[in-house]
Amino acid sequence: MKYLDEFSDPELAKNLLDQIHAATNRRWAIMEVCGGQTHSIIRHGIDQLLPDEIEMIHGPGCPVCVTPLEVIDKALEIAATPGVIFCSFGDMLRVPGSERDLFRVKSEGGDVRVVYSPLDALTVAKENPDRQVVFFGIGFETTAPANAMTVYQAKKLGIENFSLLVSHVLVPPAIAAIMESPTCRVQAFLAAGHVCSVMGTAEYPPLAEKYRVPMVVTGFEPLDILEGIRRTVVQLEQGRHEVENAYPRAVRAEGNPAAKTMLADVFEVTDRAWRGIGVIPRSGWRLSPRYRHYDAEQRFSVDDLRTEESAICRSGEVLQGLIKPHECAAFGKQCTPRNPLGATMVSSEGACAAYYLYRRLDLPAEVAHA
């Protein structure tokens with residue numbers, strides 16, 4: 001297949017579903033790591049077309065969702081500082097902090113700007129040499145290379161009024177944390193294709209071997225996901241636990257060497273807090289000593305800020321795959337896209353937003369679990 005619409009072909013989807021049904025003999029719980037995959041599964045009703053024995057568990061792979069509340073509050077404090085131009089991707093502006101969001105800061109006079117690339121923020125810094133410009137750098141390995149390149153360019157060009165508020169997290173340590181949880185039900189993973197397009201697949205075989213779980217690198221279109229599920233089920237039924245690449249048009253085993261070189265230069269591995277999950281050792285990046293001067297947390301002295309999550313929001317359990325969104329009592333009531341209590345509802349990749357957008361709140365629990 002060469003064209004995008006071919007990856008939504010209903011006849012090919014039916015063939016893959018027939019193969020999945022034919023291969024399934026036992027109950028299996030499969031986690032799709034990425035929030036983009038979650039939205040595709042819910043949007044196209046893939047989980048409802050699978051055999052009753054297969055449960056799709058929604059993982060923590062939504063970058064907005066796992067950004068800790070304390071980091072959001074740090075962003076809000078920096079953005080409200082006089083003389084600061086705070087730049088961010090648009091999906092962060094409505095993520096609630098303890099008391100407000102970036103839209104509220106903007107309405108109160110803060111200079112908050114939506115940009116489409118961190119390099120756009122660097123341009124803003126060049127055009128406003130008398131202002132401090134901060135870019136909100138969040139996400140998984142996918143978005144990190146562009147942020148690393150921006151800091152590299154700032155240093156190379158001697159732009160001193162630019163800094164990065166960093167909240168980057170890494171997928172493999174999160175998989176390990178999920179598997180080591182005493183409440184874990186996950187028996188296999190659909191690995192995020194865009195993460196592997198950057199980092200490659202070398203980090204996954206040790207995890208598959210240690211936890212004896214299949215891992216299939218998967219894309220985001222309906223046929224991508226069905227093929228990933230098919231390969232996963234075949235492995236589970238055969239008792240295998242290997243890493244397979246079902247997304248070869250975008251993912252190579254070695255990943256993107258140039259991007260990995262840039263990441264190794266600009267960032268270093270650190271412990272990182274995940275919203276709703278807690279601190280996962282060595283699960284994130286921070287700026288390396290060579291670039292620490294561009295760390296917004298240190299520049300604005302907000303590195304010791306601490307916060308508390310909403311008492312009624314269960315987004316942490318959603319992120320860990322322990323509950324489905326509709327099983328939270330606040331879902332669709334106190335918590336909606338217009339009034340989100342947690343990032344899983346406000347994010348374009350959040351599981352709660354997917355269930356609300358595609359009206360899973362109207363379905364009985366036994367159907368929503370299918």
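Worth saying up front: this structure is predicted, and the values here are computed from it rather than measured.
Nearest heavy-atom pair across Cys65 and Leu319 is CB-CD2, 3.7 Å. Contact between Ile57 and Ala29 at its shortest, heavy atoms only, is CD1-CB, 3.7 Å. Taking all atoms of both residues into account, the shortest heavy-atom contact from Pro60 to Val66 is O-CG1, 3.1 Å. Across every non-hydrogen atom of Ile225 and Thr218, the tightest pair is CA-CG2, 3.7 Å. Residues Ala330 and Ile312 come closest through the heavy atom pair CB-O, 4.1 Å. Contact record, Pro173 with Pro281: CB-O, 4.1 Å, taken as the closest heavy-atom pair.
We find the CD-NZ distance between Gln153 and Lys155 to be 13.0 Å, quoted to the nearest 0.5 Å. Between atom CD1 of residue Ile42 and atom NZ of residue Lys324 there is a gap of 8.5 Å, rounded to the nearest 0.5 Å. Distance check, rounded to the nearest 0.5 Å: OG of Ser167 to CE of Met92 gives 7.5 Å. With rounding to the nearest 0.5 Å, the separation of NZ in Lys126 from CD1 in Ile159 is 5.0 Å. In this structure, Ile46 CD1 and Leu17 CG are separated by 8.0 Å, a value rounded to the nearest 0.5 Å. For the atom pair CD1 (Ile178) and CD1 (Ile277), the distance works out to 6.0 Å, reported to the nearest 0.5 Å.
In this structure, Val318 and Cys352 have side chains that are in contact, with non-hydrogen atoms separated by less than 4.5 Å. Annotation: side chain of Asp271 is in contact with side chain of Arg282 (closest heavy-atom distance under 4.5 Å). The shortest side-chain heavy-atom distance between Val95 and Thr67 does not fall under the 4.5 Å cut-off. Using a 4.5 Å cut-off on side-chain heavy atoms (C-beta onward), Leu93 and Val114 make contact. Using a 4.5 Å heavy-atom cutoff, the side chains of Met345 and Ser315 are not in contact.
Between the side chain of Arg272 and the backbone N or O of Trp285 there is at least one donor-acceptor pair closer than 3.5 Å. Judged by distance alone, with hydrogens and angles left aside, the side-chain atoms of Asn339 form a donor-acceptor pair with the main-chain N or O of Gln334 at under 3.5 Å. Remark: the backbone N or O of Gly139 is paired with a side-chain donor or acceptor of His168 at under 3.5 angstrom. No donor-acceptor distance shorter than 3.5 angstrom exists from the side chain of Ser98 to the backbone of Leu69, with no hydrogens or angles considered. Not one N or O on the side chain of Ser181 forms a donor-acceptor pair closer than 3.5 Å with the backbone of Ala177. In this structure a side-chain-to-backbone donor-acceptor pair under 3.5 Å is present from Asn161 to Ala125.
Checked against ring pair (Phe, Tyr, Trp, His ring centres under 6.0 Å), Phe220 has the following partners two or more places apart in sequence or in another chain: His194. In this structure, Ser288 has no side chain to side chain donor-acceptor pair (under 3.5 Å) partners at least two apart in sequence or on a different chain. Applying the salt bridge (charged side-chain N to carboxylate O under 4.0 Å, His left out) rule to Glu317 yields the partners Arg314; only residues at least two apart in sequence or on another chain are considered. Remark: Glu141 pairs with no residue by the salt bridge (charged side-chain N to carboxylate O under 4.0 Å, His left out) rule, at least two apart or across chains. Qualifying ring pair (Phe, Tyr, Trp, His ring centres under 6.0 Å) partners for Phe189, counting only residues two or more places apart in sequence or in other chains: none. Listed by chain and residue number, nothing satisfies the disulfide bond (SG atoms under 2.5 Å apart) test with Cys87 (two or more places apart in sequence, or in another chain). Under the side chain to side chain donor-acceptor pair (under 3.5 Å) criterion, Glu53 pairs with no residue, sequence neighbours left out. For Arg231, the side chain to side chain donor-acceptor pair (under 3.5 Å) partners two or more places apart in sequence, or in a different chain, are Glu227, Glu244. For Glu221, there are no salt bridge (charged side-chain N to carboxylate O under 4.0 Å, His left out) partners two or more places apart in sequence or in a different chain.
Listed by first and then second residue, the side chain to side chain donor-acceptor pair (under 3.5 Å) pairs involving residues 37-46 are Glu32-Thr38 (not counting sequence neighbours).
Hydrophobic clustering (side-chain heavy atoms under 4.5 Å, transitive across Ile, Leu, Val, Met, Phe, Trp, Tyr) groups Leu223 together with Leu50. Cluster membership for Leu76 and Phe135, using ILVMFWY side-chain heavy atoms within less than 4.5 angstrom, is not shared. Clustering ILVMFWY residues whenever any of their side-chain heavy atoms sit less than 4.5 angstrom apart, transitively, puts Tyr247 in a cluster other than the one holding Ile20. Residues Ile72 and Phe89 do not share a hydrophobic cluster, clusters being chains of Ile/Leu/Val/Met/Phe/Trp/Tyr side chains in contact below 4.5 Å. Hydrophobic clustering, with ILVMFWY side chains joined whenever heavy atoms are under 4.5 angstrom apart, groups Val186 together with Val171.
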Donor-acceptor contacts under 3.5 Å from residues 204-216 side chains, at least two apart:
from, atom 1, to, atom 2, distance (Å)
Glu209, OE1, His241, NE2, 3.4
Tyr211, OH, Glu180, OE2, 2.4

Sequence neighbours excluded and cut-off under 3.5 Å, please list the side-chain donor-acceptor pairs for residues 250-257, or say none.
from, atom 1, to, atom 2, distance (Å)
Arg252, NH2, Gly255, O, 3.2
Asn256, OD1, Ala258, N, 3.2
Asn256, OD1, Ala259, N, 3.1

Q | Stepwise side-chain contact (heavy atoms from CB on, under 4.5 Å) check, Leu263 with Met199 | A | CA-CA 10 Å; Leu263 290 169; Met199 303 302 294; 4.0 Å; yes
Q: Go through the steps to decide whether Ile30 and Gln187 satisfy the test side-chain contact (heavy atoms from CB on, under 4.5 Å), and finish with yes or no.
A: CA-CA 6 Å; Ile30 303 170; Gln187 296 167 289; over 6 Å; no
Q. Is there a salt bridge (charged side-chain N to carboxylate O under 4.0 Å, His left out) between Glu297 and Arg286 once you walk through the steps?
A. CA-CA 11 Å; Glu297 284 194 46; Arg286 65 181 177 185; over 6 Å; no
Q) Between Phe162 and Val124, does a side-chain contact (heavy atoms from CB on, under 4.5 Å) hold up when you go through it step by step? A) CA-CA 9 Å; Phe162 174 83; Val124 172; over 6 Å; no
Q | Evaluation steps, side-chain contact (heavy atoms from CB on, under 4.5 Å), between Arg113 and Asp111 | A | CA-CA 6 Å; Arg113 304 185 188 183; Asp111 194 343; 2.9 Å; yes
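Counting heavy atoms of neighbouring residues, nucleotides and ligands inside a 6.0 Å radius, atom CZ of Arg292 exceeds 12 of them. Counting non-hydrogen atoms of neighbouring residues, nucleotides and ligands closer than 6.0 angstrom, the CZ atom of Arg131 exceeds 12 such neighbours. Residue Arg338 qualifies as open at atom CZ: its count of foreign heavy atoms under 6.0 Å is 12 or below.
Ring geometry for Phe331 versus Tyr355: interplanar angle over 60°, hence perpendicular rather than tilted (30 to 60°).
One finds no salt bridge joining Arg299 and Asp295 here, because no Lys/Arg side-chain nitrogen approaches an Asp/Glu carboxylate oxygen to under 4.0 Å.
Taking the six-membered ring for Trp, Phe86 and Phe136 have ring centres closer than 6.0 Å.
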